[in-house]
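Accompanying notes for the structure given below.
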Amino acid sequence: MAMELSDANLQTLTEYLKKTLDPDPAIRRPAEKFLESVEGNQNYPLLLLTLLEKSQDNVIKVCASVTFKNYIKRNWRIVEDEPNKICEADRVAIKANIVHLMLSSPEQIQKQLSDAISIIGREDFPQKWPDLLTEMVNRFQSGDFHVINGVLRTAHSLFKRYRHEFKSNELWTEIKLVLDAFALPLTNLFKATIELCSTHANDASALRILFSSLILISKLFYSLNFQDLPEFFEDNMETWMNNFHTLLTLDNKLLQTDDEEEAGLLELLKSQICDNAALYAQKYDEEFQRYLPRFVTAIWNLLVTTGQEVKYDLLVSNAIQFLASVCERPHYKNLFEDQNTLTSICEKVIVPNMEFRDIDTRRRAACDLVRGLCKFFEGPVTGIFSGYVNSMLQEYAKNPSVNWKHKDAAIYLVTSLASKAQTQKHGITQANELVNLTEFFVNHILPDLKSANVNEFPVLKADGIKYIMIFRNQVPKEHLLVSIPLLINHLQAESIVVHTYAAHALERLFTMRGPNNATLFTAAEIAPFVEILLTNLFKALTLPGSSENEYIMKAIMRSFSLLQEAIIPYIPTLITQLTQKLLAVSKNPSKPHFNHYMFEAICLSIRITCKANPAAVVNFEEALFLVFTEILQNDVQEFIPYVFQVMSLLLETHKNDIPSSYMALFPHLLQPVLWERTGNIPALVRLLQAFLERGSNTIASAAADKIPGLLGVFQKLIASKANDHQGFYLLNSIIEHMPPESVDQYRKQIFILLFQRLQNSKTTKFIKSFLVFINLYCIKYGALALQEIFDGIQPKMFGMVLEKIIIPEIQKVSGNVEKKICAVGITKLLTECPPMMDTEYTKLWTPLLQSLIGLFELPEDDTIPDEEHFIDIEDTPGYQTAFSQLAFAGKKEHDPVGQMVNNPKIHLAQSLHKLSTACPGRVPSMVSTSLNAEALQYLQGYLQAASVTLL
């Protein structure tokens, strides 16, 4: 449907955009919903662009530009199997106008459009947008720096992904194309801009614009040189490096700012140049060698002369990072060997930047430099610093309330000296032998955490907790056990940093593994603190600033998981608190991790309680269903997949039939709109499977009219390469659980749909699922029924499926249960299907047996054709709620042939024996004449193990 580019529509759009800025959700929400409902219409993006160009109201202009950028972010990408959300005419019109529009817009709007161009470029450049570069480069000639900076800003957002893309031929081709068009004009612009800087040396406003350009040019230099050293830049290294060096040493009074917080243009430019020099020093050290010494000198001087103000933080930390990257390269070791050099680096650069500040940038860089220096000079550096650490601790001891910063710096130094290798999961994995961590812990860390007042010296408390977290693998378990009640105590601290660190530390300690992979701390060891632990964790969520603190919620989840049945007495009050929290955050979900852990904690409460007392499931349903209903009615998209997973868990806990409260929901689950969102699919399929497992008879008797809807869902899923396996999960549950007569009339149609998909696009994933399905069908309805349904669709179809799909592809099936289903199904085809014994299908009998023995004995065939490698990747563009699997809502693996067959090899031997008694002589001769020797040997092994023979 198209919306006209009319004044009336522009007016309507203006009204709705205004409402989306309203703080009142009752006005804002419907306006957002309306815009969402019309964004699929043709001309919608062009109306937004017209508004941001022509509207008289500046607020509307900016709002239209942000809305446009988010629209592009959500919809530009074309996803396989999903409708194309922007029509071709709009795509062409957007690309034709957007660069010009962006360059002629004021800066605030220019930024939004520049981002939009880079999102479009990410998908369309270079193939579908070949003239983008020429259009941009041509604007360099304009001489108007508002335009030039617009181009540079866009180029920066377009090319900065080269910094973190994996190497590939496609990427090289694109970068080469960019370099051919862009490197020379960029270099000329760089030289011209530097000349203009000296022409306008006394004009502050001109310098500000020129320096903004130089910063962007330096950032582009970094992106274009990141993957490899391009020939062009190698040939022009002299131009770039000499100018970079000059800019590093430049000090123009007109560009100095009085602001102590905000970095000025001069600082930002020098910071980027330090980054560029570090890149060359690390990656292209041979080519860069002759420039390196003067950069080291310039950057060293910069460090020694730059003040402690916050505005210099980025510059200082990038300069320190440059030294850190140079000092750990063997090439440059000689620059640092002298003891005096080491002492002066430690004294003039590292120690002053270890001091406590609100922002950590300098400190982190100083820390990296310590680690870099330790690579070659561990002994001398540790020696120099232990002196500092001791004197800092002595200063602190003289007057703790005034000198606490000294102790803070000391702890930081010890941490950076001691930690060599670190992972998020395990903390420090390698430590420096020269620092005694346990001794430092007992003498300097524990005393701070033991003091009665959890609110004094918050920085030192945070340091102490962080120390426990970082060195949890080095400090002996008995010391960690002593610190657990202290950490629980600090959950009550007012400082958001302290109680967050305390929660995070507890969570990390509770996940530590001891010998034989059990958790290091047992439920029994933590049991004495259960009540206070749970009370303080939930209380911490009421502290200012922590109502949705993900670390606290993760600690709640981990405590439940560790303590198991020890939490049962507290569950009634805890589930009430969790439900109230769920209700509150569902009004405006903004913290995805917090929400995820909250649902995990709800699942754990259900699992742990119902394991001990299955009847308690009713209490959870009473507590949760009101909130769930509200979430579903208000269409809270982020929470719907979670709600379905929790409902599956509850429903699977019921032992007998489905309660009527669930049956009332069943028809709603089949509504197409729910299935439009990819994030809902896995959770919905699982919930429908739970309905089928628990209530197939109820569905067949009371909701038979819903079966076509159920099959409609299967049909939609099977058509998608990304979700076809989910369609099979659903189909397998229908076949396994529904009474046969309720599905009879639909069976043939199901097979026809599967064959159509096989003809149109046959992928490995589809074939694997298809094989499991037909074997499950064979087990459920009998081998003859399978042969008849195939041949009923088309004569001799059964033979074609055996020959073209089952025999050649069975080796691809993966998963124990899946392999078992296939083995039992094929055994039935071999031994319970008369046409296999006396028609033209008989020639396939031995090859089928051979492929079954292969399934048992040969390694799985996991090769995937090249063009299919990207089908399985869950890649949802923009902020669309992707599916998040809840670990503690996990579905138990279900084996549909478990009761019937324990060992499929023995089952094959017994079935063959039974077949051979019905037609003596035939089976041994078929086996001995055409089965290969190795397979024959395996088969004899199965017969012996089953103590049977073939007659």
Side-chain angles (χ1 to χ4, degrees), residues 73-74 77 79 81-82 424-425 503-504 507 511 541 547-561 575 578-579 581-608 620 624 627-632 634-652 669 673-690 713 717 720 722-727 729-730 870-893:
K73 195 171 172 182
R74 273 198 308 277
R77 185 165 195 189
V79 181
D81 296 331
E82 288 187 23
Q424 194 65 43
K425 196 169 169 193
H504 188 39
E507 191 272 329
T511 41
L541 288 174
S547 66
E548 293 179 42
N549 184 321
E550 65 183 71
Y551 293 99
I552 298 173
M553 191 48 88
K554 194 176 187 185
I556 290 173
M557 168 192 89
R558 199 66 70 194
S559 306
F560 284 11
S561 169
I575 198 75
L578 283 168
T579 318
K581 184 56 81 180
L582 172 60
L583 187 60
V585 296
S586 69
K587 302 278 185 273
N588 183 17
S590 55
K591 297 271 173 62
H593 289 102
F594 176 86
N595 300 335
H596 188 90
Y597 300 134
M598 172 179 58
F599 278 104
E600 292 280 21
I602 291 171
C603 290
L604 275 162
S605 325
I606 297 169
R607 267 186 187 249
I608 294 166
F620 286 104
L624 293 165
V627 191
F628 284 1
T629 308
E630 192 160 320
I631 290 171
L632 295 172
N634 293 333
D635 191 27
V636 185
Q637 292 191 21
E638 296 88 335
F639 281 7
I640 288 178
Y642 289 124
V643 167
F644 289 151
Q645 288 179 80
V646 178
M647 289 184 72
S648 303
L649 181 64
L650 290 165
L651 183 49
E652 287 157 8
L669 300 178
V673 57
L674 278 177
W675 296 88
E676 292 300 311
R677 296 185 204 140
T678 43
N680 288 346
I681 289 174
L684 267 172
V685 167
R686 174 174 169 199
L687 183 53
L688 287 178
Q689 284 184 288
V713 168
L717 294 172
S720 144
N723 294 311
D724 48 18
H725 60 293
Q726 297 284 350
Y729 292 159
L730 189 59
F870 300 102
I871 293 171
D872 292 3
I873 296 171
E874 284 288 329
D875 200 354
T876 21
Y879 184 76
Q880 198 180 353
T881 345
F883 174 64
S884 303
Q885 173 82 51
L886 290 169
F888 294 111
K891 191 171 172 3
K892 290 191 195 68
E893 185 158 63

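What you are looking at is a predicted structure, and each value in this text was computed from that prediction instead of being measured. Counting begins at 1 with the first residue of the sequence.
Here the straight-line distance linking atom CD of E600 with atom CZ of F888 works out to 6.0 Å at 0.5 Å rounding. Atom CD1 in I640 sits 5.5 Å away from atom CG in L632 (nearest 0.5 Å). Atom CZ of F620 is separated from atom CG of L650 by 8.5 Å, given to the nearest 0.5 angstrom. The CG atom of N595 lies 8.5 Å from the CE atom of M553; values are rounded to the nearest 0.5 Å. With rounding to the nearest 0.5 Å, the separation of CG in L688 from CG in L730 is 5.5 Å. Put simply, CG on L578 and CE on M557 are 12.5 Å apart, with the number rounded to the nearest 0.5 Å.
The shortest distance between side-chain heavy atoms of Q637 and N680 does not fall below 4.5 Å. No side-chain heavy atom of V713 sits under 4.5 Å from any side-chain heavy atom of L684. Within the 4.5 Å cutoff, the side chain of L886 has no heavy atoms near those of the L649 side chain. Side-chain atoms of V685 and W675, non-hydrogen and from C-beta on, do get closer than 4.5 Å to each other. Between E507 and Y551 there is no side-chain heavy-atom pair separated by less than 4.5 Å. Looking at M598 and V585, their side chains come closer than 4.5 Å, going by heavy atoms from C-beta outward. L624 has its side chain within reach of I606: a pair of non-hydrogen atoms, C-beta onward, lies under 4.5 Å apart.
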Which pairs would a plain distance check flag for residues 586-593, meaning a side-chain donor or acceptor within less than 3.5 Å of a matching protein atom at least two apart in sequence or in another chain?
| unit_1 | atom_1 | unit_2 | atom_2 | d |
| --- | --- | --- | --- | --- |
| S586 | OG | L582 | O | 3.4 |
| S586 | OG | L583 | O | 2.8 |
| K587 | NZ | E630 | OE2 | 3.1 |

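K581 contributes a side-chain N or O that, together with a main-chain N or O of S547, makes up a donor-acceptor pair within less than 3.5 Å.
For Q645, there are no side chain to side chain donor-acceptor pair (under 3.5 Å) partners two or more places apart in sequence or in a different chain.
Listed by first and then second residue, the salt bridge (Lys or Arg N to Asp or Glu O under 4.0 Å) pairs involving residues 679-690 are E652-R686 (not counting sequence neighbours).
Considering F639, F594, F644 in turn, F639 is the only one that fulfils the ring-ring contact (aromatic ring centres under 6.0 Å, His included) rule with F599.
When all heavy atoms of A889 and C603 are compared, the pair lying nearest together is CB-SG, 3.6 Å. Smallest separation of non-hydrogen atoms from G679 and P682: O-CD, 4.0 Å.
Ring orientation note: the planes of Y642 and H596 are nearly perpendicular, at an angle over 60° on the 30°/60° scale.
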